[in-house]
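Note that the structure is predicted; figures quoted are calculated from it, not measured. Chain identifiers are assigned alphabetically (A, B, ...) following the order of the sequence lines, protein sequences preceding nucleic acid strands; residue numbering begins at 1 within each chain. Below, each value reflects all heavy atoms present in this structure, side chains not excepted, and no hydrogens, waters or symmetry copies.
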Number of protein chains: 4
Amino acid sequence: MINTKYKARKPVQKRGIITRKKIIDAAVDEFTEKGYHNTNAMAIAIKAGVATGTFYSYFNDKKDIMIEIIKVIYADLSKKTLVDFQVTVSDNAMENYKECRRVVQYMIDIFHTAYVERPRLFEQIYAMVILDKDIYQVNREERHKIFTQLMFNLKDYADYIKVKDIETASRLLFISGDEIVRSIQLLSKEDDRKKMLNEFVAMACKYLMLPEE
Amino acid sequence: MINTKYKARKPVQKRGIITRKKIIDAAVDEFTEKGYHNTNAMAIAIKAGVATGTFYSYFNDKKDIMIEIIKVIYADLSKKTLVDFQVTVSDNAMENYKECRRVVQYMIDIFHTAYVERPRLFEQIYAMVILDKDIYQVNREERHKIFTQLMFNLKDYADYIKVKDIETASRLLFISGDEIVRSIQLLSKEDDRKKMLNEFVAMACKYLMLPEE
Amino acid sequence: MINTKYKARKPVQKRGIITRKKIIDAAVDEFTEKGYHNTNAMAIAIKAGVATGTFYSYFNDKKDIMIEIIKVIYADLSKKTLVDFQVTVSDNAMENYKECRRVVQYMIDIFHTAYVERPRLFEQIYAMVILDKDIYQVNREERHKIFTQLMFNLKDYADYIKVKDIETASRLLFISGDEIVRSIQLLSKEDDRKKMLNEFVAMACKYLMLPEE
Amino acid sequence: MINTKYKARKPVQKRGIITRKKIIDAAVDEFTEKGYHNTNAMAIAIKAGVATGTFYSYFNDKKDIMIEIIKVIYADLSKKTLVDFQVTVSDNAMENYKECRRVVQYMIDIFHTAYVERPRLFEQIYAMVILDKDIYQVNREERHKIFTQLMFNLKDYADYIKVKDIETASRLLFISGDEIVRSIQLLSKEDDRKKMLNEFVAMACKYLMLPEE
DNA sequence: AATGAATGAGTGTTCATTCAT
DNA sequence: CATGAATGAACACTCATTCAT
């Protein structure tokens with residue numbers, strides 16, 4: 001069977017753009033409520049108030065729309081959080097320690113907030129990241145953009161940071177922090193979750209600000 | 001989680017036990033090669049050299065065998081790693097620091113080794129943990145057993161460890177370490193992976209051994 | 001999506017063999033009545049009195065069953081027609097001419113009869129032969145078997161046949177005869193059809209028995 | 001076959017005629033490349049550089065454009081080949097034999113050339129002729145026009161042709177020749193193809209010029 | 001106990017055609 | 001007139017599970 005695909009319509013008319021948006025919103029709702037594997041294109045279409053064919057005009061398949069959702073989510077996250085974040089570098093060590101804490105705390109908060117706002121959706125994304133190479137790739141690229149900006153903030157502290165390899169350090173904190181945020185959602189008590197986040201920030205600061213062994 | 005199902009046969013005869021084992025092994029192979037969602041009961045049965053009906057004599061469904069696999073894997077892991085691990089507590093601070101390093105390193109190694117030996121299988125488990133409540137529950141229980149034993153080793157150091165809440169600290173290290181181990185598999189260079197693990201151990205030791213702020 | 005196929009069950013139990021036969025018969029009926037492109041797997045299954053899934057247990061797809069049908073048809077044809085065909089070579093030229101006529105006539109008759117018995121089915125096969133490489137290949141192989149046997153009969157006449165290249169001659173007659181048989185079905189009058197067949201036999205005999213220019 | 005449809009626009013303006021032509025050309029390309037059943041209206045429209053809606057302004061459906069293509073192709077063929085073909089009837093038998101050969105050869109060449117120039121397209125047409133009554137009807141009518149003209153040429157030879165029923169003879173040669181031309185495309189060697197064509201011309205001449213048995 | 005045949009609801013996907021802009 | 005967005009019935013195919021032998 002020859003490939004006849006001229007797929008994934010890029011809407012040019014205003015109506016098309018609106019429809020595309022409606023479908024994405026419906027997909028977010030469905031994935032959140034039922035999970036990626038427990039919903040289907042038809043259900044998404046119905047929720048969006050369009051025909052199944054319309055879904056497939058805009059997206060090649062279910063995976064395609066998941067990828068689009070990931071892009072939209074991280075774009076929103078980046079826009080909301082990183083725009084006006086400013087770092088103040090002081091001469092006072094204590095001030096700097098506090099400020100560093102604030103940076104790390106901020107990094108955690110970004111992902112924590114995102115996760116807390118849509119935990120079910122993020123869970124689906126995390127699982128898909130594991131299960132699918134393409135989803136993994138897209139997720140990685142989108143997170144890398146945010147990661148790069150966080151790196152940039154840490155660099156202002158270069159003089160006060162005692163770890164030698166700042167890049168590896170950033171990566172380590174990024175991965176750990178990201179996972180801590182995800183894992184603590186599974187804790188039942190709000191108290192436990194806070195304790196864990198605080199502990200992580202403490203660990204990160206000690207690690208960054210204290211001299212190498 | 002109360003299991004109301006009664007169907008799955010518990011083999012008592014030797015032949016039954018062997019058949020059950022063959023099916024589990026086949027399922028491990030299939031999940032590893034194709035992933036949980038891309039495998040079906042028939043494929044597992046064929047690989048095990050039994051009829052599809054036989055599969056359903058021993059397991060209620062696909063999820064049931066996944067749960068069984070998780071139990072077997074962690075039981076093996078626990079048996080292999082924790083049996084003869086011994087900690088030496090000294091009076092010398094430097095020695096203790098080294099020994100602490102060894103403990104943390106060991107903890108990392110356990111999961112690192114397990115992951116490295118069957119990365120594809122562990123990926124599937126991690127994803128299922130997110131996607132399915134029952135799998136999550138079983139995974140949590142099994143890991144808790146190992147976690148408890150690691151905790152026990154850390155407690156020997158109570159006097160030399162400066163963090164106040166040793167339980168939260170253990171949990172933090174457990175989650176972070178576990179995720180670091182998983183994430184570094186995605187790094188392409190062996191060097192980068194080693195660097196990240198070393199960095200984690202350094203962070204953990206600093207965090208544990210240095211006085212609270 | 002990884003290929004999980006363990007398809008096209010080869011029935012081992014008696015029940016399976018009967019079911020397979022029922023499905024083939026139903027497919028012949030459907031293709032004959034509605035044409036290959038106007039029927040579907042489900043309709044075939046229903047006509048066979050089985051579930052759609054059962055259809056796909058025995059055949060990978062619609063094309064697969066078409067191939068099977070072609071094989072069965074030509075096998076039957078070969079069995080029915082070529083078993084007891086005997087050629088008598090005489091010293092008398094007139095007798096030989098008549099006998100030759102008989103051979104050519106026989107060749108025509110085989111395919112004519114087959115076509116006339118199931119014209120709608122053969123039309124579908126002919127069309128599929130054009131449209132699909134795999135079908136073309138299978139059809140070619142099956143016809144080649146019959147062709148080879150016809151060739152063998154013509155060879156008894158080697159001394160009385162005046163064309164130099166007997167193989168090309170055989171092929172030419174095979175292709176022409178085959179197509180004449182097909183084309184005349186489109187003629188509305190039985191008389192016209194007979195006339196055309198007779199004319200073809202005349203042409204073939206003249207061509208074969210008369211000396212080269 | 002009475003066409004009760006009224007939808008398809010008959011363009012009168014120059015722009016409309018050009019658009020219609022563009023769509024037909026695109027359809028020819030698509031049918032040639034992918035085959036009739038693997039092409040859809042949208043693909044044709046895109047290739048023609050128009051909207052799908054425009055396609056349906058000019059043609060009622062996919063079949064409609066196929067019919068149009070058949071008409072155009074045979075009209076072109078007729079125009080190109082039959083316009084200036086002249087037959088010279090001589091008193092010399094040898095000359096006449098040669099001339100007859102030329103006529104038959106010419107007939108073959110017309111279809112051979114047409115087929116060779118667009119084999120994939122003609123295959124599609126041949127298949128559609130079998131599968132669809134309307135296509136069959138149109139094809140028959142168009143070919144009949146050419147056939148009539150060829151007949152006309154053969155009639156100049158009436159005195160030198162020994163077959164009684166010249167109409168049946170013409171038909172026979174027409175069908176056989178047509179199919180030979182189609183079938184030899186499947187032979188891999190150019191040599192074999194030539195041999196078969198020569199053989200056919202030889203057979204036709206013998207048949208036509210030699211006295212009835 | 002074991003087999004493997006049978007089930008059928010469900011899924012992703014296509015495309016000829018219509019219609020609002 | 002032209003556009004391209006929207007439709008939705010239809011189809012090929014899958015697979016967890018049951019059941020007759």
field: By side chain to side chain donor-acceptor pair (under 3.5 Å) - contacts of Q124(A) (at least two apart)
entry: none
Results of side chain to side chain donor-acceptor pair (under 3.5 Å) for K21(A) - residues two or more places apart only: D25(A)
field: First of F55(B) and F55(D) reached from the 5' end of DNA chain E, by closest nucleotide
entry: F55(B)
- request: Give a yes or no on whether the backbone of M128(A) and the side-chain of D132(A) come within a donor-acceptor separation of less than 3.5 Å.
  value: no
Distance in angstrom units between K22(A) NZ and dA5(F) P, rounded: 14 Å
- prompt: Are the side chain of K62(C) and the backbone of T39(C) linked by a donor-acceptor contact shorter than 3.5 Å?
  reply: yes
- prompt: What's the verdict on side-chain contact (heavy atoms from CB on, under 4.5 Å) for Y58(B) and I65(B), showing C-alpha distance, side-chain angles and the deciding distance?
  reply: CA-CA 9 Å; Y58(B) 288 97; I65(B) 202 171; over 6 Å; no
task: Just jot down the side chain to side chain donor-acceptor pair (under 3.5 Å) partners of D134(C), sequence neighbours excluded, or say none.
output: K63(C)
query: K62(A) side chain: which of dG12(E), dT17(E), dA5(F) is closest?
result: dG12(E)
query: Excluding sequence neighbours, so at least two apart, what forms ring pair (Phe, Tyr, Trp, His ring centres under 6.0 Å) with F55(D)?
result: F59(D)
task: Could you tell me the separation between the CD1 atom of I65(B) and the C1' atom of dT17(F), rounded to a whole number of Å?
output: 15 Å
- prompt: Of all the nucleotides listed (dG12(E), dC13(F), dT7(F)), which has the minimum atom distance to the side chain of T54(A)?
  reply: dT7(F)
- prompt: With under 30° as parallel and over 60° as perpendicular, where do the rings of Y74(B) and F122(B) fit, or are they tilted in between?
  reply: perpendicular
task: Figure out the CZ/P separation between F59(B) and dT17(F), and round it to whole Å.
output: 14 Å
query: Would you say Y58(B) reaches dA1(E)'s phosphate, i.e. side-chain N/O to OP1/OP2 under 4.0 Å?
result: no
- prompt: In residues 28-53 of chain C, what residues come within less than 4.0 Å of DNA chain E, judged by heavy atoms?
  reply: V50(C), A51(C), T52(C), G53(C)
query: Expressed in angstrom and rounded to an integer, what is the separation of M66(A) atom CE from dG12(E) atom P?
result: 14 Å
message: Test side-chain contact (heavy atoms from CB on, under 4.5 Å) on F31(A) and I44(A); report intermediate values, then the result.
response: CA-CA 9 Å; F31(A) 291 161; I44(A) 293 169; 4.0 Å; yes
message: As a check on the pairing definition, encode DNA chain E in dot-bracket form, counting Watson-Crick and G-U wobble pairs whose two distances are under 3.5 Å, and using | for partners outside this strand.
response: .||||||||||||||||||||
field: Whole-Å gap separating P (dG4(F)) and CZ (R20(A))
entry: 17 Å
query: Taking atom P of dT17(E) as reference, at what distance in whole Å does atom NZ of K63(D) sit?
result: 10 Å
task: Starting at atom CD1 of I18(A), determine the distance to atom C1' of dT21(E), rounded to an integer number of angstrom.
output: 13 Å
- line: Atom OH of Y56(B) and atom C1' of dT7(E) are separated, to the nearest Å, by 13 Å
field: Nearest listed nucleotide, side chain of T19(B), among dA2(E), dA6(F), dT18(F)
entry: dA2(E)
